[in-house]
Amino acid sequence: MWWDRPGIARGFLAGLVALVLTACNLQGAPPVSGDLPVGGYAIAQLPPAQESGGELRPGVRVYRIVLPQDGAVRVSAVSADLRLRARLRLVLLDQQGVVQAVSVARNWFAARQELAPLSLRPQITTDLGYRLNFKGQEGQVFYLRVENYALSGDQVTLYADAFTPNPAGNGEAFTTGTKQGAIEFVGEFDRFNVSSAQGYLRFTYSGPLDLVALLYLSSQDPSPLVLDPVMNCVTISPATLLVVRDRGLARAGFDEENSGWYSLEISSNPCP
């Protein structure tokens, strides 16, 4: 039978493994082109993309990132050759080959590649950087896959920089006034204790993410009240917990206006 032939059997098993990896959002262990040190940079010489069978196969280089300490890291890529004509995508994987984040545009990134179609088109911006954020522990290993979808080769400078995330939303008490936070990581929850708050809560957000503010009557409340940029004002009592996150836990941005920034206000001014 066909499965008794070693070459065919190996090919069948390889294809089956590829299907399983894809279904689990796994990419497998990537071949490494070099190291990208946190606090440093690397120069990536990216080959051009290849057109084959109606598909565009990107030119790829992969870099290993080893975290020297616990904390947050931002990686970015700046094209030296193609500049505003660059067609780049950054894909971050953990040591098991699981996709952690994918760049989309200058001001946001996503959890999975299927959520990132915009990165396959030129970005109309004067900022040449493609960026994403992630967090990890000392000694943890990540891989950054840099994909070039242009039909020309490109020289790209890669950076990995430690940074301090926006401090709002670490469970602190919020009773009155305003708070400005930011959703900077895929799957991030910002939490506020509002058990002593009275008055009206207003939630403001303008940007590419799908942010919501959730008001819980208790930590076990299965049906929180949901605010978004349209339905954005409500009486805050008797809520005890306020959570801000991306609705689908699939998008994140940066600590910047028109990106990850959001604003919360508790006041005595009634809702419209």
Side-chain angles (χ1 to χ4, degrees), residues 38-39 65 67-77 90 92 94 100-111 115-116 125 127 129-138 140 142 144 159-197 201-216 219 224 226-229 232-234 236 239-267:
V38 176
I65 303 172
L67 299 193
Q69 60 187 22
D70 296 358
V73 175
R74 174 169 301 150
V75 295
S76 56
L90 305 179
L92 183 77
D94 67 10
Q100 303 296 299
V102 183
S103 68
V104 178
R106 189 211 65 80
N107 57 344
W108 72 283
F109 55 100
L115 300 174
T125 172
D127 186 333
Y130 295 71
R131 304 175 291 167
L132 56 82
N133 297 336
F134 67 99
K135 293 188 290 187
Q137 289 75 49
E138 179 180 354
Q140 193 169 358
F142 293 87
L144 181 68
Y159 300 93
D161 297 302
F163 73 99
T164 301
N166 186 300
N170 286 319
E172 69 268 26
F174 179 32
T175 58
T176 189
T178 60
K179 290 275 189 179
Q180 182 175 281
I183 299 301
E184 301 173 80
F185 305 96
V186 168
E188 180 179 2
F189 289 75
D190 278 4
R191 305 173 311 283
F192 303 88
N193 180 347
V194 294
S195 58
S196 299
L201 170 69
R202 284 174 170 82
F203 171 61
T204 305
Y205 174 72
S206 176
L209 311 185
D210 188 12
L211 296 191
V212 292
L214 308 177
L215 279 172
Y216 293 83
S219 58
V226 181
L227 296 181
D228 59 29
N232 64 350
C233 185
V234 71
I236 194 164
T240 61
L241 175 66
L242 169 61
V243 171
V244 179
R245 63 173 175 84
D246 179 72
R247 192 187 307 266
L249 297 176
R251 300 182 180 195
F254 304 96
D255 192 11
E256 301 169 0
E257 188 176 7
N258 295 318
S259 179
W261 271 1
Y262 64 85
S263 178
L264 300 166
E265 181 186 9
I266 299 176
S267 74

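Given the structure is predicted, the values throughout are model-derived calculations rather than measurements.
- A donor-acceptor pair is defined here as one N or O able to donate and one able to accept, closer than 3.5 Å; no such pair exists between the side chain of S259 and the backbone of G253.
- Distance check, rounded to the nearest 0.5 Å: OG1 of T204 to CG of L264 gives 8.0 Å.
- Shown here for L90 and L144, the closest heavy-atom pair between the two residues is CB-CD1, 4.0 Å.
- Geometrically, K179 does not engage F192 in a cation-pi contact, judged by NZ or CZ lying under 6.0 Å from the ring centre and within 45° of the ring axis.
- Here NZ of K135 is found 6.0 Å from CD of E188. Values are rounded to the nearest 0.5 Å.
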*Step-by-step side chain to side chain contact (heavy atoms under 4.5 Å, CB included) determination, C233 to L227*: CA-CA 7 Å; C233 185; L227 296 181; over 6 Å; no
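- Taken from CD in E138 to CG in L67, the straight-line distance is 9.0 Å, to the nearest 0.5 Å.
- Smallest separation of non-hydrogen atoms from W261 and Q180: CE2-NE2, 3.3 Å.
- Between atom CG of residue L132 and atom CZ of residue F254 there is a gap of 6.5 Å, rounded to the nearest 0.5 Å.
- No donor-acceptor pair closer than 3.5 Å links the side chain of E184 to the backbone N or O of G260.
- Within the 3.5 Å criterion, the main-chain N or O of S195 finds a donor-acceptor partner in the side chain of N193.
- A donor-acceptor pair under 3.5 Å links the side-chain atoms of R131 to the main chain of R106, judged by distance alone.
- If you take CZ on F203 and OG on S263, they are separated by 9.0 Å, rounding to the nearest 0.5 Å.
- To the nearest 0.5 angstrom, R191 atom CZ is 9.0 Å from E172 atom CD.
- Counting all heavy atoms, side chain and backbone alike, D94 lies closest to Q100 at OD2-NE2, 3.4 Å.
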*Take D190 and I183, measure what side chain to side chain contact (heavy atoms under 4.5 Å, CB included) needs, and give me the verdict at the end.*
CA-CA 8 Å; D190 278 4; I183 299 301; 4.0 Å; yes
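- Under the side chain to side chain contact (heavy atoms under 4.5 Å, CB included) test applied with R247, the options D210, L214, L209 reduce to a single match, D210.
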*Run the side chain to side chain contact (heavy atoms under 4.5 Å, CB included) check on L249 and F189 step by step: do they pass?*
CA-CA 9 Å; L249 297 176; F189 289 75; 3.8 Å; yes
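- Closest of all the heavy-atom pairs between V75 and A160 is CG1-CB, 4.0 Å.
- Pairing each heavy atom of S267 with each of R202, the nearest pair is OG-NH1, 3.8 Å.
- A side-chain N or O of R74 and one of N133 form a donor-acceptor pair less than 3.5 Å apart.
- Taking the six-membered ring wherever Trp is involved, the centroid distance between the rings of Y130 and F109 does not fall below 6.0 Å.
- Looking only at distances, a side-chain donor or acceptor of D246 sits under 3.5 Å from a matching main-chain atom of R251.
- Across all their heavy atoms, I266 and A197 have their closest contact at CD1-CB, 4.0 Å.
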